[in-house]
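Comments concern the structure below.
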Amino acid sequence: MTAESLPGGTHIQALGPRSIAAGIIGTAVTGDVVLPAEALNAARDIEAPPGTSNLPPQGLCLGREDELAWLRNTLAVSNGTAITQVLAVHGLGGVGKSTLALAYAHRHRSDYALTWWVTADSPVRIEQSLAGLALRLFPSWAGRASEHEQFQWTMNWLQWHPGWLLIFDNVENPRDLAPYTGALNRGQHLATSRRVTGWPRTTPTRALGTLTANEAGELLCVYALDSATPTVHQRQESLALASELGYLPLALEQAGAYLNQNPTVSIDAYRKRLATKLDKAADGIDAERTIARVWSHTLEALNSSNQLAVRLLYILAWLAPDSIPVGLIEIVENDSDEIAEALGALRAYSMISFSPDRTSVSIHRLVQVALRSNTASGLAATGRREAEEVILHSLPVPSQSDVELPPEWDLLTPHLIALAASAPHSQQNESIVTAYTFAAKQLYSQGYKASAIPLREAIFNYFKSSAGESDNDTILAQSNLAASYESAGDMTRAVSMYEESLRQCEETFGQQHPKTLIVRGNLAGAYESAGYVTQAISLYKKVLKQSIRVFGEDDPETLTMQNNLAYAYRVTGNLKRAIPLYKATLSRRTKTLGSDHPSTLNSLNNLATAYQAAGDLQQATPLLESVLAQHERVLGKDHPQTMTVRNNLGIAYSEAKELKRAIAILEPTLAQREQFLGNIHPDTLQSRNNLATAYLMSGDLKHGLPLLETVHAQYERILGETHPLTINTRHNLASGYQAAGQSHRTVTLLETTLAQSEDVFGRDHPDTMAARYSLAYARRQQDAELRQRPSSS
């Protein structure tokens, strides 16, 4: 505590940094500032008009009710007297910290005598923002005062008056708030910051996460479409884009504003060119508030304090966003303390987060996109090379005799997939391509065939670039990639790639070579999956005869061809041919492979579903129950093949009108497939369709109709309008509309369904006949409704 002599003999003591305590109002000196009596009296006497604030306009703040309630409860008012609180909300740049604080301030504006927004990224900006309060409350004096004098007047006013709220936005260093939170105790303080650490123990803090998928999709639609109601397709595209944006509010706002301003750019087109859009500011969006600019400021701050942290961040950019082992990162440097400090710096700026046990870290996927797109400095390319090095260093070399890869491969395969997804076509690192090959083979053997697509794309591009199109390795890589596309439901690319692969095989190996036969059989399967069943059966017959001649009757390849031909017959409704073929295949597989072999189990499932298709539930249901138990015992409950059997059993229960049992199986099966296979995997879509149908059969339109609308839109977008599964789902949706009393929509959908069924299946196929019957019934019902309506006079 120090005392200074003032003119006129008055002594005023200054307590703490920049604080004033005036015992007698005269002239006060604080540091190098002299405030006249006029100003000091005004600081004591002027009251803020009700609702005084400098708040920016309120933006959209969806899905933050829990956080707003927490703010209100923590910034509490007890017995009419404000309790001084210093409160901080922290999180990644763009996560919506400022939006949340602004929403709170607008919602509770009437609860405060004054609400003041303070730009707080530096001490100078804080003083400038607070100086503005003097101009608002005492313009006659403040208009001719210096900025520092205005600031000191504001400090006086805040010390005299209670009931205010100061919002310190985007605090760069928590220590910058000490002069205010320590000296100003008659109101409340709320801070937003990217910084996780550095806050006093007495400061309540809350980490702000991203939005949920549905909240993010809704917010994106609001920004992009204004008040227009989104179509089912637009909702699905919005959810897909929101996922790519990592459900980050600022990114959603930026994308939505761009799409609103450029309506000829579709949501899906924006998603596919996302890396080029991160710095695009539409009208109404501050260029400095685009995602790329927000994070560039963070990188600058990190680079000035810990360059190793920035280096690590560029390595993390190329890996999977979640569950990155800390041990993997420690390989970068010999000094583990330096690594720990660099990771700590990244966490302090909310650029990464630690798992609860601190053994792994996560990084936001959009941060990764931004870093990978920053090619100017060369850090991105260096980061990719180092990411490949640390992965290869951590993977044990598998033995040729290993049936399964060592456990470390399961842990690091997601990171190999991430590297492969961004691999350049001119990839030169043969070692990483070998790792891709091992990982893809393991995924395929585990049933996660679609997950192998990025790996197999990178493998194919590598061999095509290094060895040429007709090389044996290139042809094999092309066929494997086509199989993965088929598993993912991308039939256009699958068929095209199989046809090209078959052409290469025939030219390179000959018409009867085993490799040619396998690829020809794969092409037949792709025709069938794409809905070209007549072509598929013709090709299957040809391949089966060739396989018996080349491989023999009991060879697994021959039995696979025979199984697939039986399936094609089943798809066309020709069960008289399908069931005997399935039985013959099951018998031979049991004899040659054993009863517990996955292929034998697959034959059992296929035979059961053929009985099911024939309407013989007395044989189908017990067989499916038995097959499910075998699958769970041999392959495990989460294996994709096990999920298929469980789904089939749920369908059997539905067809037997045991709807409670059906829904009890179909609901968890859908959840499993969403978790393990993804939201738009063909098997997931099929589960969604089956569950929706079961809901409708049980009379639950509230859950059934929206689910069917969703899966119908997904099928149209992913498989096409004339795919058998799309046609089947359209028929189900029409039944849902009919149950809901929407006869016009029912008839329109069924007319389309019948026309497409006749084209795809033929006039006498069971599905076509069912559509014809449904349409006739719907038209009769529509006519009856029209006759019952009162005529207008």
Side-chain angles (χ1 to χ4, degrees), residues 441 444-445 449 469-487 491 494-607 609-610:
K441 185 178 180 181
Y444 218 73
S445 68
K449 300 176 182 179
E469 291 185 351
S470 60
D471 182 80
N472 187 25
D473 289 331
T474 307
I475 295 171
L476 176 61
Q478 187 175 42
S479 182
N480 287 339
L481 177 56
S484 291
Y485 285 146
E486 183 180 1
S487 298
M491 301 315 306
V495 168
S496 174
M497 191 155 280
Y498 271 136
E499 288 175 337
E500 175 60 23
S501 185
L502 179 60
R503 185 185 67 79
Q504 292 285 355
C505 280
E506 289 173 342
E507 290 180 2
T508 305
F509 306 119
Q511 291 282 339
Q512 303 296 319
H513 193 278
K515 289 181 180 178
T516 305
L517 297 186
I518 291 171
V519 173
R520 191 174 289 129
N522 292 340
L523 175 59
Y527 283 150
E528 172 206 299
S529 299
Y532 311 135
V533 186
T534 302
Q535 288 174 265
I537 289 175
S538 176
L539 196 54
Y540 271 139
K541 287 180 178 179
K542 177 180 178 180
V543 179
L544 180 57
K545 288 180 181 178
Q546 293 172 327
S547 295
I548 292 172
R549 186 167 58 251
V550 173
F551 298 121
E553 287 188 343
D554 292 333
D555 187 87
E557 290 296 339
T558 302
L559 295 177
T560 296
M561 300 300 174
Q562 188 168 286
N563 174 79
N564 293 345
L565 176 58
Y567 179 78
Y569 281 136
R570 198 197 91 188
V571 168
T572 61
N574 192 345
L575 296 170
K576 287 183 179 180
R577 289 193 172 185
I579 290 175
L581 265 182
Y582 273 141
K583 285 182 176 179
T585 307
L586 174 61
S587 175
R588 290 185 180 278
R589 279 178 166 172
T590 304
K591 182 180 72 173
T592 58
L593 301 175
S595 59
D596 284 344
H597 191 278
S599 294
T600 307
L601 297 180
N602 184 41
S603 280
L604 277 168
N605 171 69
N606 291 342
L607 179 58
T609 55

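Residues Asn574 and Ile537 fail the side-chain proximity criterion, which asks for heavy atoms closer than 4.5 Å. Annotation: side chain of Leu523 is not in contact with side chain of Glu486 (no heavy-atom distance under 4.5 Å). Inter-residue side-chain proximity for Tyr540 and Glu528 is flagged as met; some heavy-atom pair is nearer than 4.5 Å. Side-chain contact check for Asn472 versus Phe509: some heavy-atom pair is nearer than 4.5 Å. In this structure the side chain of Thr609 reaches within 4.5 angstrom of the side chain of Arg570, judged on heavy atoms. When side chains are defined from C-beta on, Ser479 counts as touching Asn522, because their heavy atoms get closer than 4.5 Å. Using a 4.5 Å heavy-atom cutoff, the side chains of Glu557 and Ser547 are not in contact.
To the nearest 0.5 angstrom, Leu601 atom CG is 9.0 Å from Thr590 atom OG1. Residue Asn606 holds its CG atom at 12.0 Å from CD1 of Ile579, rounded to the nearest 0.5 Å. Atom CG of Leu559 is separated from atom CD1 of Ile548 by 9.5 Å, given to the nearest 0.5 angstrom. The CG atom of Leu539 sits 12.5 Å away from atom OG1 of Thr534, with the distance rounded to the nearest 0.5 Å. Between Asn602 atom CG and Leu586 atom CG the span is 10.5 Å, to the nearest 0.5 Å. Here the CE-OH distance, from Met491 to Tyr498, works out to 8.0 Å after rounding to the nearest 0.5 Å.
Scanning all heavy atoms of the two residues, the minimum distance from Leu544 to Thr558 falls at CD1-O, 3.7 Å. When every heavy atom of Tyr567 is checked against every heavy atom of Tyr582, the shortest pair comes out as CA-OH, 3.1 Å. Looking at every heavy atom in both residues, Arg589 comes nearest to Ser603 through NH1-OG, 2.9 Å. Heavy-atom minimum distance, Gly510 versus Thr516: O-OG1, 2.7 Å. For the pair Ala578 and Ala566, the tightest heavy-atom approach, listed with the atom from each and the gap, is CB-O, 3.4 Å. Scanning all heavy atoms of the two residues, the minimum distance from Ile475 to Cys505 falls at CG2-SG, 3.3 Å.
At a cut-off of 3.5 Å, with distance as the only test, a side-chain donor of Thr585 or Gln562 sits close to an acceptor on the other residue.
Atom OH of Tyr444 sits in a crowded spot, with more than 12 heavy atoms from other residues, nucleotides or ligands closer than 6.0 Å.
Between the side chain of Thr474 and the backbone N or O of Glu469, no donor-acceptor pair lies under 3.5 Å. Judged purely by atom type and a 3.5 angstrom limit, Arg520 has no side-chain atom pairing as donor or acceptor with the backbone of Gln512. Remark: side-chain polar atoms of Ser587 are not paired, donor with acceptor, to backbone N or O of Lys583 under 3.5 angstrom. No side-chain donor-acceptor contact under 3.5 Å links Ser501 to the backbone of Met497.
A salt bridge links Arg503 with Glu500: the distance from a Lys NZ or Arg NE/NH1/NH2 to an Asp or Glu carboxylate oxygen falls below 4.0 Å.
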